[in-house]
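Proteins get letters first, then strands, A, B, ... in listed order; numbering begins at 1 in each.
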Amino acid sequence: MREGYPFSDIEKKWQRFWAEKEFFKVQPHSPKPKFYLLEMFPYPSGKIHMGHVRNYTIGDVLARYKVMKKFNVLHPMGFDAFGQPAENAAIKNNTDPRTWTIKCIDDMRQELKRMGFSYDWSREVSTCLPDYYKWNQWIFLKMFEKGLAYKKKTNVNWCPDCQTTLANEEVIDGKCWRCKNEVVQKNLEQWFLKITDYKERLLEDLAQLEEWPERVITMQKNWLGRSEGVEIYFKLKDSREIITVFTTRADTIFGSTYIVLAPEHPQAKKIIQDKPQEKEVLKFIDRVSEKARNIRDSAEVKKEGIFSGSFAINPVNNEEIPIWIADYVLMEYGTGAIMAVPAHDQRDFSFAKENNLPIRVVIQPLNSSLQPDDLTEAYEGDGRQVNSARFDKLPNQEAKIKIAQWMEKINIGKRQCCWRLRDWLISRQRFWGTPIPIVYCDGCGIVPVPEDDLPVELPAKAPFTGKGGSPLGKVESFVQTTCPRCQAQARRETDTMTTFFDSSWYFLRYCSPDFKDSPFNKKESAYWMMVDQYIGGIEHAVLHLLYSRFFTKFLKDLGLVSFDEPFQRLLTQGMVLKDGEVMSKSKGNTVDPDGIINEFGADTLRLYMLFAAPPEDQMEWSEQGSVGAHRFLNRVWRMLDALYQWVECKSVSKEKDRDRENRELLKRKTHETIKKVTEDIESFKFNTAISSIMELVNEFYRLADKIRNIGPLQETVKTVVILLCPFIPHLAEEMWKRMKNEPSIFNQPWPDYDDGAIKEEEILVVIQVNGKVRSHITVPVDINEEDLKTQALANDRIRQWIEGKEAKKVIVVPGKLVNIVT
RNA sequence: GCCGGAGUGGCGGAACUGGAAGACGCGCCGGAUUCAAAAUCCGGUGGGGCUUAAACCCCGUGAGGGUUCGACCCCCUCCUCCGGCACCA
């Protein structure tokens, strides 16, 4: 079998050491600068997977590095412990979600400990505990108080498989983000949070997030979806009714030949009253409304529409234009009504062609003249205005502004911003979540549970089957209550909160996990926040990261925090792949971290995870690669033997006359490596940090028996161990101890490099002829340009290349190269 | 369709952001050690050419063009892959 260092004993030993010494417990009142490092907490499934291992290993390297850099590091861990899987598992295994979840948390904590992560476990947080979810309810009540939590009946996303409603953010391509099943629309009364009240701040403050990946910023911008335009008011021909449309293309208003309302538009039914086509139109509206949203959403599906029988007056030219009702206009966006400009909007164009509606060109491209009859598609580009009265001949971009200003002035329009973001639906028809602290009283209506009565605790048992309504609704002892206001018989809200509510503020709870008086201790959070570095998966680019930003701003408005944003710096780590595909149980291509730990140890697993790819990139799992990492660790381990043997035999090599040179070589490499590793850790280039340490180890073995004095060798081994310790903490502690040093190695300061040791006296300079390398020379570092040039030209090989030609130009890059152009 | 990101050996990935492309690791080949194997160690390893050998030469970072003394890196066009948004008015 494989022989090598006794990783199993070593890892257990040092894990025990850290635990007994409470080594990573946060020291309060430290004069050191603080550093709050956070990784997205896991859902406690009971087993960690490679994605967790990668995420948390990346974090742990940074945590341990910062400890050695003498920061006061907060590095907590907890569990996002509410959620459907517990409920489903409980149904399946005939147990209850609480028991199941607690067991999973225990198992998972053990697994995390086996990886040797440097968490302060005394601050562990589990969202399913009343101590925690009490504060979810508290925050909800504050939102309710401010009018930010409200109930409304509307069309909502419903996942038939999960048997619950979903937020817009949880619907990906018309499918449930969790189970990937088709989402349908249901008309239900649900609780929403008015995240839209914060849309401007959510957008503006993205500018503060300079250390977030551009990708995430873009995704959030897209999701918020701000677009500038104009609301235009169209009077009806034969009533006092006004229809408001929204457009981003005010420049095309003179080309509007009809108006379209969404089928659900509240005015639709009004304008068809007493019209001959009333019945037919109503039938159309009913039919179209039933079309599944995702079918209607698709651009490929044919658009249907019907003439309403009414006409509107275009306020800019008093033209009568017909009003249509069509399914290509969505009630959810803008005003649910548009002015159609077939000449300059492809959707309007297709619809106009289909229904024989007129087309009028109002923007001519610079080098051609469009005729309505010749058009085969809409012209959506820029040009000059035509058929636009006093705005004719203006470039359309200029006209866009002028027309908007003019419409505002004469009160036929108003500049507006339209957003894509909708309010956040937080009700879930599931058991295993935070009860929404609301009571329904026949007399008083919707009544919030008083703060003093919190938490509204989940009952110990509920008849959950996974189908058919909120399980809490079937627990009479839970439902039946008295109205906090009038003491009459009342009923509790039976929906629970989405778990994204729980995770929107957990980073604050870590600052004071046992605090009893409010969600968190203001003083503590003021000290620790913002999170200096947050690490997690890209899948939360919008969901969790948007919600947390929203909560932070809300808490700021409450006066509980003084900052706008929760996360200073964000790293989104790449996924772990196997055979080119994401590891997943359904694909059956998972690799169990436990197995790797048993076979090679946690240090090997950690090292390989970090070495195989940069943190942000996807990473392909390779069995061979992990073997290679293990081989390297054995090689590191044997450096101790090498030192021992050196003392034992002192083998005399004939190269010992180059002792001084070799010593300098090793010293230089050692200090170069310190420099490189330090820079690389700071910029998350762990893979190259490790490869440079590998180089140093190679150099050590190459020179080990060519150096007379053991001192420099010991120095190098010591440096290797220190540089490696954030990556492979167990082995590093063990070697540190064996080198007769006092544990823990993490009490050591991170080493500085010696500039003097790195400095070279002579350097290699490349000589090119016409950009091709033809020779190289070794010269003193401080050689001046003239001398370098002379030496280059005098070089034998170079003389051959430029023989018979004239050096027209010589480019000298100091310290690097000389290029001779002939 | 729009907006991002990426394309480098057999593989994972390097290359101070314009200065010797392929560091480091995996794999493979050869050698040492061994009764043999495992483990370990040493050497080689982009393609082609030339040579007894070394030296050396040519080609090479998705394709094609350009800027530059010099391009994986900057600019233009195109192809492929990945991600986001998309009937958003």
Is there a side-chain contact between [X] and the phosphate of [N], meaning an N or O under 4.0 Å from OP1 or OP2?
X        : N     : result
A:Arg702 : B:C41 : no
A:Arg631 : B:C24 : no
A:Arg347 : B:G1  : no
A:Lys772 : B:C59 : yes
A:Arg635 : B:C41 : yes

Rounding to an integer number of Å, can you tell me how far [X] [atom1] sits from [N] [atom2]?
X        : N     : atom1 : atom2 : answer
A:Arg638 : B:A39 : CZ    : C1'   : 8 Å
A:Asp251 : B:A89 : CG    : P     : 13 Å
A:Trp801 : B:A55 : CH2   : C1'   : 13 Å

Looking at [options], which one has an atom nearest to any side-chain atom of [X]?
X        : options             : answer
A:Trp223 : B:C57, B:A20, B:C85 : B:C85
A:Asn819 : B:C88, B:G70, B:A20 : B:G70
A:Asn698 : B:C26, B:G25, B:A89 : B:G25

So what does [X] hit on the nucleic acid, given a heavy-atom distance under 4.0 Å: a base, only sugar-phosphate, or nothing?
X        : result
A:Arg422 : nothing
A:Trp621 : nothing
A:Lys808 : nothing
A:Ser227 : sugar-phosphate
A:Ile690 : nothing
A:Asp348 : nothing
A:Gly225 : nothing

Hey, is [X] close enough to [Y] for a salt bridge, meaning N to O under 4.0 Å?
X        : Y        : answer
A:Arg415 : A:Glu408 : yes
A:Lys685 : A:Glu679 : no
A:Glu620 : A:Lys578 : no

Under a 3.5 Å limit for both distances, which nucleotide forms a Watson-Crick or G-U wobble pair with [N], could you say?
N     : result
B:A6  : B:U80
B:A20 : none
B:C88 : none
B:G43 : B:C29
B:U68 : none

For a quick check, tell me whether the side chain of A:Gln624 and the base of B:G25 share a donor-acceptor pair closer than 3.5 Å.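 A donor-acceptor contact between them is absent.
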Taking the same atom, [atom1], in [N] and in [M], what whole-Å distance lies between them?
N     : M     : atom1 : value
B:U51 : B:C58 : C1'   : 16 Å
B:A71 : B:C11 : C1'   : 27 Å
B:C42 : B:C24 : P     : 13 Å
B:C56 : B:G65 : P     : 30 Å
B:U67 : B:A15 : P     : 29 Å
B:U8  : B:G13 : C1'   : 9 Å
B:U45 : B:G10 : C1'   : 11 Å
B:C16 : B:G12 : C1'   : 23 Å

Is it the case that the side chains of A:Thr670 and A:Thr716 hold a donor-acceptor pair, with the cut-off being a distance below 3.5 Å and no angle test?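 A:Thr670 and A:Thr716 do have a side-chain donor-acceptor pair below 3.5 Å.
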Indicate, with yes or no, if the rings of [X] and [Y] have centres closer together than 6.0 Å.
X        : Y        : value
A:His630 : A:Phe600 : yes
A:Phe349 : A:His344 : no
A:Phe351 : A:Tyr328 : yes

Tell me if B:G48 is syn or anti. Syn = glycosidic torsion within 90° of 0, anti otherwise.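 What B:G48 shows is an anti base, its glycosidic angle lying more than 90° from 0.
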Determine if the base of B:U17 is syn or anti; take syn to mean the glycosidic torsion is within 90° of 0.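 Because its glycosidic torsion lies within 90° of 0, B:U17 adopts the syn conformation.
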For A:Arg797 and A:Ile172, take the nucleotide of RNA chain B holding the closest heavy atom to each; which residue's nucleotide lies nearer the 5' end?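 The 5'-side residue here is A:Arg797.
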When the nearest nucleotide of RNA chain B is assigned to A:Lys816 and to A:Thr248 on a heavy-atom basis, which residue is associated with the more 5' position?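 Closer to the 5' end of RNA chain B: A:Lys816.
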Check for a donor-acceptor pair, side chain of A:Ser256 on one end and backbone N or O of A:Ala340 on the other, with a separation under 3.5 Å.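 Yes.
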Determine whether a donor-acceptor pair (N or O, by modelled atom type, separation under 3.5 Å) exists between the side chain of A:Tyr5 and the backbone of A:Leu731.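 No, the answer is negative, given that no donor and acceptor are paired below the 3.5 Å cut-off.
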Measure across A:Arg635 and A:Tyr701 and return the closest heavy-atom pair with its distance rounded to 0.1 Å.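 Closest pair (atom of A:Arg635, atom of A:Tyr701, distance): O-OH, 2.5 Å.
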In 5'-to-3' order, the base (B), backbone-only (S) or no-contact (-) status of each nucleotide in nucleotides 3-14 of chain B, using a 4.0 angstrom heavy-atom cut-off, is ---------BSS
